[in-house]
2 protein chains.
Amino acid sequence: MPSKPGAQHARRSAAEPASTGLRERILSATRELLRERRFDALSVADILTAAEVSRASFYFYFPSKQAVLGELVRDAVTQGQQAARPWVEGLQIDGSQDPVAALRAGVRDGARLWRDNAGVLMAIVENQGSDDGLRALWLEQMDLFTDAAAARIESDPQARERLGDMSVRAVAASLTWMGERLYYLAAAGVPPFDDEEVLVDVLTNAWTSILYGRPVECPKDPAD
Amino acid sequence: MPSKPGAQHARRSAAEPASTGLRERILSATRELLRERRFDALSVADILTAAEVSRASFYFYFPSKQAVLGELVRDAVTQGQQAARPWVEGLQIDGSQDPVAALRAGVRDGARLWRDNAGVLMAIVENQGSDDGLRALWLEQMDLFTDAAAARIESDPQARERLGDMSVRAVAASLTWMGERLYYLAAAGVPPFDDEEVLVDVLTNAWTSILYGRPVECPKDPAD
DNA sequence: ATAGTGTCCATACACGATGTATGGTGGCGC
DNA sequence: GCGCCACCATACATCGTGTATGGACACTAT
C-alpha cells in the first residue's frame, strides 16, 4: 500500500477552537444526526464523518455508539428534571394551588422536554430493547420520574385517600409509563397524539381522573 | 434464476403430506427460541439449526427474520382478539353486567394473552423501533385494539357523557397504549408490574377512573 | 535543541451477520 | 429414462463493529 504519510490530514477545518474536545464533537454530532435519522440507521462511520473524528478517537472516548446515546439521554433527562422540579416540590409547599392546573402544567413540561429532545429520547425508547445498558438506563430514568410522581401523590391527602389500599408507587409508575408511551407516540407523529393539545388533554385527564376522580374540567379556556 | 418457477409454490395448500412443512417449522422454532432469547440476539443461523432448515429454504419462505416475527405477532394478536371479542361485544349487548367487573375481566384477558405470548410480543415491542415493517404492523394491531376500546366506550352512555368533549378515540388509544406498556413491563419482569395482581389492579383502576370516575372498588374480594 | 508525552489520525484486520447465488440430491409422475 | 419440485450445502459479496498498530503533531521539561 502506498500509504505515504506525507500529505497528512488537513488538520482541523479551522474556525473550531482546538479546545472543542473531540468528545463534545462526537456528542453533538450524534445528537444532530439523531434529529433526522433513526439510531439504528446510524453507523459509527456516520458519526465519524459528521464529527470529523477518527475511528480510533471515537473508540477512545466511547466504548460504543450506545454509550454515546446513553450520555445524550442522561443529559436530556436531568435537564428535564431540573425544569420539572418546581412542579414536584412547589406542589408540596404551596398546597393552595389548583392541583389540576398544576398537573396540566407538569404534563405540558413533559411534552416540551420531549419536543426539544425528540431525536435522543425516541432513540433510547426504540433501542432500549436491544441493548442491556440502554434498557437499564431508561428504567432508571423512569424510576426517577416515578419517585417524583409517588412523592407528589403521597403528599396529597386527597389523592392518597382516593387510592385507598392501592400501591401508590404502582399507580405512580403506571402514570409515568403512560406518559412515556404517549410522548413517544407524539414524537413519532402517530395520531391522535401528534396533536399536542390532544396529548396534553388526554394525559392530564388520566392523571386527574386517577388521582381525583374528576375529568379534566375546562380543557382550554382559562389563561394558561 | 431458480426464483421464477411461475408462481408461488404450493405454499400450504391444505393437506400437506410433506415433512411437516418447513414454513411451520421455521415459525414454531422461532417462537420457541423467542421464549428464552431476545429477538435481536437471534440470528437466522440460530433459527436454521433450531428448525433444521437450510438457509436457502428459509429465504425462500421469508424475506427476513423480521417477517417471521411479523407472522408470529399476527397469529398471537388475532388469536387474542378472538378471545377478547366476547368482552367487547358482550358488553354492548348485555348492558346489565357490572361494567367494572367486565373491564377487569378484559384487563385480565390481556394479561393472559401477554403471558402466553410473552416472547413474541416482547420481541415486536422491542424491535418495533428498528424495522419499518414491524412498526407498521404493531401500530396497526394497536389500532385494532383502539377501535374495540373506542366502540366499547361509545356504546356506554355513562362513560361517553363523562368524557365530555374529549376525543373518545384519543382516550381509547391512550388506554390501549398504557396497557401495551404495562403488559410489556410485566412480561419483562419489571416491578411492580411483574406482580400480575398489581398489574391488573392498576390497569383496571385506570380504566374505571377514566371512564367512570370511580376507583376500583373491591380489589380482590369477590369470587373471580 | 532534543527527547518525552499526550492527543489525534489513517489504515487495516478479524469477526459476525445478512441476503443472494450456484450447483446438487432424491423422490415422483410420465 | 426425463423433467420437476422441494430441499440442502456451500460459498460469497457486503456491511457494520470493535481492536490493533504505527505515525504526525504540539507542547513541555531538561
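Just so you know, these numbers come straight off a predicted model, no measurement behind them.
- Under the side-chain hydrogen bond (donor to acceptor under 3.5 Å, both in side chains) criterion, R37(B) pairs with D46(B), sequence neighbours left out.
- We find the CZ-CG distance between R31(B) and N117(B) to be 8.0 Å, quoted to the nearest 0.5 Å.
- Between W138(B) and E180(B) there is a side-chain heavy-atom pair separated by less than 4.5 Å.
- R152(A) has a carboxylate O that lies under 4.0 Å from a charged side-chain N of D156(A), or vice versa, which qualifies the two as a salt bridge.
- With values rounded to the nearest 0.5 angstrom, L175(B) atom CG is found 9.5 Å from T146(B) atom OG1.
- Panel note: side chain R181(B), backbone M178(A); no donor-acceptor pair is recorded below 3.5 Å.
- The CG-P distance, from D46(A) to dC15(D), rounds to 13 Å in whole Å.
- Following rounding to the nearest Å, R37(B) (CZ) and dA17(C) (C1') show an atom-to-atom distance of 14 Å.
- For the pair F39(A) CZ and dT17(D) C1', the computed distance is 12 Å after rounding to whole Å.
- Under the 4.5 Å side-chain criterion, counting only non-hydrogen atoms from C-beta, L69(B) is in contact with L34(B).
- With distances taken from any side-chain atom of R55(B) to the nucleotides dC8(D), dT19(D), dT18(C), the minimum falls on dT18(C).
- Between I47(B) atom CD1 and dG16(C) atom P the separation is 19 Å, expressed in whole Å.
- Exactly one residue among N205(A), D201(A), T208(A) makes a side-chain hydrogen bond (donor to acceptor under 3.5 Å, both in side chains) with R104(A). That residue is D201(A).
- One can place CG of D40(A) at 11 Å from P of dT17(D), the figure rounded to the nearest angstrom.
- L48(B) places its CG atom 17 Å from the P atom of dG16(C), with the value rounded to the nearest Å.
- Near DNA chain D, meaning a heavy atom under 4.0 Å from it, residues 56-67 of chain A has Y59(A), S64(A), K65(A) in order of number.
- Taking CD of Q141(A) as the reference point, atom CG of L139(A) lies at 10.0 Å (rounded to 0.5 Å).
- As rounded to whole Å, 12 Å separates atom C1' of dC8(D) from atom CZ of R25(B).
- For the helix from dA1(C)-dT30(D) to dC30(C)-dG1(D), the rotation axes defined at the first and last 5 base pairs enclose an angle of 20°, given to the nearest 10°.
- The CZ atom of R23(A) sits 15 Å away from the P atom of dC9(C) (whole-angstrom rounding).
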